[in-house]
2 protein chains.
Amino acid sequence: MPTSKDVARLAGVSQSTVSYVMSGRRPISEKTRKRVEDAMAQLAFQPNAGARALASRRSQVIGLAIPFVPDLHMGSIMEFISVIAATARQSDYDILLVTDDEGPQGLERVVGQQLVDGLIIMQVEGDDARVPVIRKLPVPSVLIGIPEDSKGLECIDADFELAGAMCVEELAQLGHETVTLVDWQDAVVRRHVNYVKRFHRGVDKAAAATGTKVIKVPGRVTIAGMEKAVTKALKETNGIPAFIAPEAANQDLLVEALHNLGLVLGEDASVVVNCSDRIAERQRIPLTTIGFEPDEVSRRAVHRIVRDLTDTTSRAHEALELIRPVLKRRKSTIRLRPQR
Amino acid sequence: MPTSKDVARLAGVSQSTVSYVMSGRRPISEKTRKRVEDAMAQLAFQPNAGARALASRRSQVIGLAIPFVPDLHMGSIMEFISVIAATARQSDYDILLVTDDEGPQGLERVVGQQLVDGLIIMQVEGDDARVPVIRKLPVPSVLIGIPEDSKGLECIDADFELAGAMCVEELAQLGHETVTLVDWQDAVVRRHVNYVKRFHRGVDKAAAATGTKVIKVPGRVTIAGMEKAVTKALKETNGIPAFIAPEAANQDLLVEALHNLGLVLGEDASVVVNCSDRIAERQRIPLTTIGFEPDEVSRRAVHRIVRDLTDTTSRAHEALELIRPVLKRRKSTIRLRPQR
DNA sequence: TTGAAAGCGGTACCAG
DNA sequence: CTGGTACCGCTTTCAA
C-alpha cells in the first residue's frame, strides 16, 4: 500500500503538500496540484483511515444504533439503514453499526474509542435508556423518533400528529361523517413508541374540530380478524365508510378485507388514507399520502448530523482565524489544534 | 479523553506495559496488572481506535456489503445484518456498511483506506460484478450466496439443493404422489441468484428418485393469483394435495389461499413444506423445517471471517517465533512487523 | 518482568 | 506558494 510519502517522492514535493492537495486547506499552484494528482493516480493512492483519524481527530464515520427487536417492520428498518448509509457517503462519511443488544454502553464504546464522530439513533422510544447516555456523550447525535423528554436533543421523525389530523380533515372534506381508524398492531402499541400517541392526538383534535365521529379498531394480524373489524365498523357508520390505516401491515390486510367484502376502493364504497405512498404505488390503489416518507426521514437525519459535524469544524476554524492575529502579536504559543 | 500515557503515569509504569496489559502479548506480574487495570478503570480509559489501527495495522472492523435493491425480502436482509453485527462484536469486531450503490469500488475504497480487515458480501448473485474485485483485494472475504465461478472463494449459504430434495422426500414418505412447487416470485428468479436453481435441482433429483410428480407454479403477489394457482394445482393432483413453498412471502399467501378454499392444513387436505421455521412458529401451522436458518448462515459467515483473520495473525506470530532465534544468532536486524 | 524509544501515516504549524 | 517538522496515541522492538 502506497503512502502519502511515496506520492510526495514521486511528485517531487513534500508530504505536507500532498496533504494540502487532498484537503484543499491551502492554495496550491495549478502545476504542483497536477503533479501530485498524477502521482496519486499512478500509485492508486488511498489515504490510511487510521492515520488520518489519529492526526485529524475525526474518523469520518457515523455510528448508527439499530434496534435489536425482531419486530414486525424489519423491512422498513432496512430501508432506513440503506438510505442512511448511501446518504452518508454523499458527504464522505461511512456508517458503523451499533447493535442494540450491546446496550447503551455500545454507544459509549464507539464514542470513547473515537471510532465515530457522531451518532444516529434509530427507533427511539418514549422512555429510552439510550437517551441519558447520549446527553453525556461529547459528540453530536440525531435521534429518529421523539423521546418523552426531548429537550436539547436533535430529534427527527415524521410529523405524526399532523398526519393524523390531515387524514381526518381530508376525509371530512370528502363528506365523511364517520371514519374508522385501524390502529397499529398490539406489539407496536405496547412498546412505548410515542408516535402512536401523537397520531391519535392529531386524529382526535381534527375529529373534534370537524365534528367527525371516529371509530377505533385494533390492528389485526389475519385477514379473518380484519374482516370482522371492518364489518363491525361498517355497521356503525353513517353513509360512505372511510378508513385510516397508518401501519403498513394493516394496509395490506385492510385492502384485502374490503375486497373480500365486495367493496371497491375509491369508487362506490370507501376511502383509505395512510402515511405511506409505497403501498399505494405497488398496489395501484387510490390512497392518499401524508407526511414524510421513511427515506425522507433518513436523509434528513444524515443531513442534520453532517451539518452538526461540519458546523463544529468550521466554527472552530473561524474562531482560529479570529484569534490568530492576537496570538501573533503576543508572541505566545498556544495550541491551535482542537483538543477534546 | 485519557490516553494510555495517562494510564501509565497514574499506574506508575511505562506506556508499553499498559499496552501489554491490554493485548496480553507478554507476561505481566499480577501486581502491575492490577495497578494498570485500576488506573484504566479510574480514568475510564478507552484506547483510541485510529491510533491502534495505525500501529497494529488492523482496524478490528469488518466491512459488510449490503444489497441496494429495494427488494421484497428486505426483512430477511435486516435479519442477516443484525445477527452479523451482534456476532462480530462477540469477537471484538465492528461492522462498517458498504452500500451496493457505491458499486465494487466501494469495496476497493474501504480496503484501500484500510478501514476494514475483511469483508462479508451479502446477496451474491450468479454473475456478480463484485466477485472479480474481491479476488484481487488483499483481505479475506466471505460471500453469502454462491457465484457461478466460486473457485478459491469462501462462500456460505443454506444448502438449497439438500433442502429441495428433503422437501420432496418428506412428502413422498407421507404418501404423496403429486406435489406442487410454488416458485419464488418473478423478481427473484430474474435476478441471477442461483439458489433458486439449486433448490429446483434438489427437487427434481428427489422427484426422479421417489417417482413423485412435481407441478411447478410461479410465485404470486396477490391472494387472488395464489388462489387460481392453487385451484389449478388441485385439479392436476391425484390424492391428497401437497405444497412446497420455499419463499416466505408465498407461504403467507399460500396458507391464506388454502384457507379461503376451505382446506385445513395438516389435517384433511394438504401439507406445506418450506425452508424456514419462523413462519411456522408465528402462525402455529404444521410446517416442516429444513436447512440452515438465515441467522445460522450469518453467524457462520462471521465466524469464518474471524477465523481467517485470526489465522493470519497467529500464523504470522508462529512464524516469528520460529525465526527469532535464528535472527538472534546471526545478529542481523530484520523487520519483524508485517508489512503489507 | 519492565522501560525507552522508534515507528505507523497522516495533519497543520512555523518559517521561508 | 512550499518545505521541514513536531505531533496524534498506540504497538513492538531492543536493551536492561
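To find a chain, count down the sequence lines: A is the first, B the second, and so on, and within it residues start at 1.
In this structure, Val18(A) reaches neither bases nor backbone, as no heavy-atom distance under 4.0 Å exists between it and the strands shown. In this structure, Glu30(A) reaches neither bases nor backbone, as no heavy-atom distance under 4.0 Å exists between it and the strands shown.
A heavy-atom distance below 4.5 Å is found between the side chains of Leu119(A) and Ile121(A).
At a cut-off of 3.5 angstrom, counting only N and O atoms as typed in the model, there is no donor on one side facing an acceptor on the other between the side-chain of Ser16(B) and the base of dA5(C). For dG3(C), its base never sits under 3.5 Å from the side chain of Gln15(B) at any donor and acceptor pair.
For Ser14(B), taking side-chain heavy atoms from C-beta onward, the closest of the listed nucleotides dA12(C), dG3(C), dC8(C) is dG3(C).
A straight line from CZ of Arg25(A) to P of dT2(D) spans 18 Å, rounded to a whole angstrom. Rounding to whole angstrom units, CZ of residue Arg58(A) and P of dG9(D) are separated by 16 Å. Nucleotide dT1(C) holds its P atom 16 Å from the CZ atom of Arg35(B), rounded to whole Å. A straight line from CG of Asn48(B) to P of dT11(C) spans 15 Å, rounded to a whole angstrom. The CD-P distance, from Gln114(B) to dC8(C), rounds to 13 Å in whole Å. Here the C1' atom of nucleotide dT12(D) and the CZ atom of Arg52(B) are 14 Å apart, to the nearest Å. Distance Tyr20(A) OH to dC14(C) P: 10 Å, rounded to the nearest Å. The NZ atom of Lys31(B) sits 10 Å away from the C1' atom of dT1(C) (whole-angstrom rounding).
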Q: Output, in order, the C-alpha distance, side-chain angles, deciding distance and verdict of salt bridge (Lys or Arg N to Asp or Glu O under 4.0 Å) for Asp94(B) and Arg109(A).
A: CA-CA 11 Å; Asp94(B) 275 289; Arg109(A) 182 178 64 81; 2.9 Å; yes
**Q.** salt bridge (Lys or Arg N to Asp or Glu O under 4.0 Å) assessment of Glu30(B) paired with Lys34(B)
**A.** CA-CA 6 Å; Glu30(B) 209 39 63; Lys34(B) 176 104 179 50; over 6 Å; no
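Contact between the side-chain N/O atoms of Ser4(B) and the OP1/OP2 oxygens of dC10(D) is found at a separation under 4.0 Å. OP1 and OP2 of dT11(C) both lie 4.0 Å or more from every side-chain N or O belonging to Arg57(A). Side-chain N/O atoms of Ser29(B) include one lying less than 4.0 angstrom from OP1 or OP2 on dT2(C). Side-chain nitrogen and oxygen atoms of Ser56(B) include none within less than 4.0 Å of the OP1 or OP2 phosphate oxygen of dT11(D). OP1 or OP2 of dT2(D) has not a single side-chain nitrogen or oxygen of Thr17(A) nearer than 4.0 Å. Of the side-chain N and O atoms in Arg26(A), none sit less than 4.0 angstrom from OP1 or OP2 of dC13(C). OP1 or OP2 of dT2(C) lies within a sub-4.0 Å distance of a side-chain N or O belonging to Thr32(B). In this model, the phosphate group of dG9(D) is not approached by any side-chain N or O of Thr3(B) to a distance below 4.0 Å at OP1 or OP2.
Of the two residues contacting DNA chain D, namely Arg33(A) and Ala49(B), the nearest-nucleotide position lying further toward the 5' end is that of Arg33(A).
Rounded to the nearest 0.5 angstrom, Arg89(B) CZ and Asp101(A) CG are separated by 10.0 Å. For the atom pair CZ (Phe80(A)) and CD1 (Ile144(A)), the distance works out to 5.5 Å, reported to the nearest 0.5 Å.
Looking at residues two or more places apart in sequence or on another chain, you find a side chain to side chain contact (heavy atoms under 4.5 Å, CB included) between Pro47(A) and Met22(A), Phe45(A), Arg52(A).
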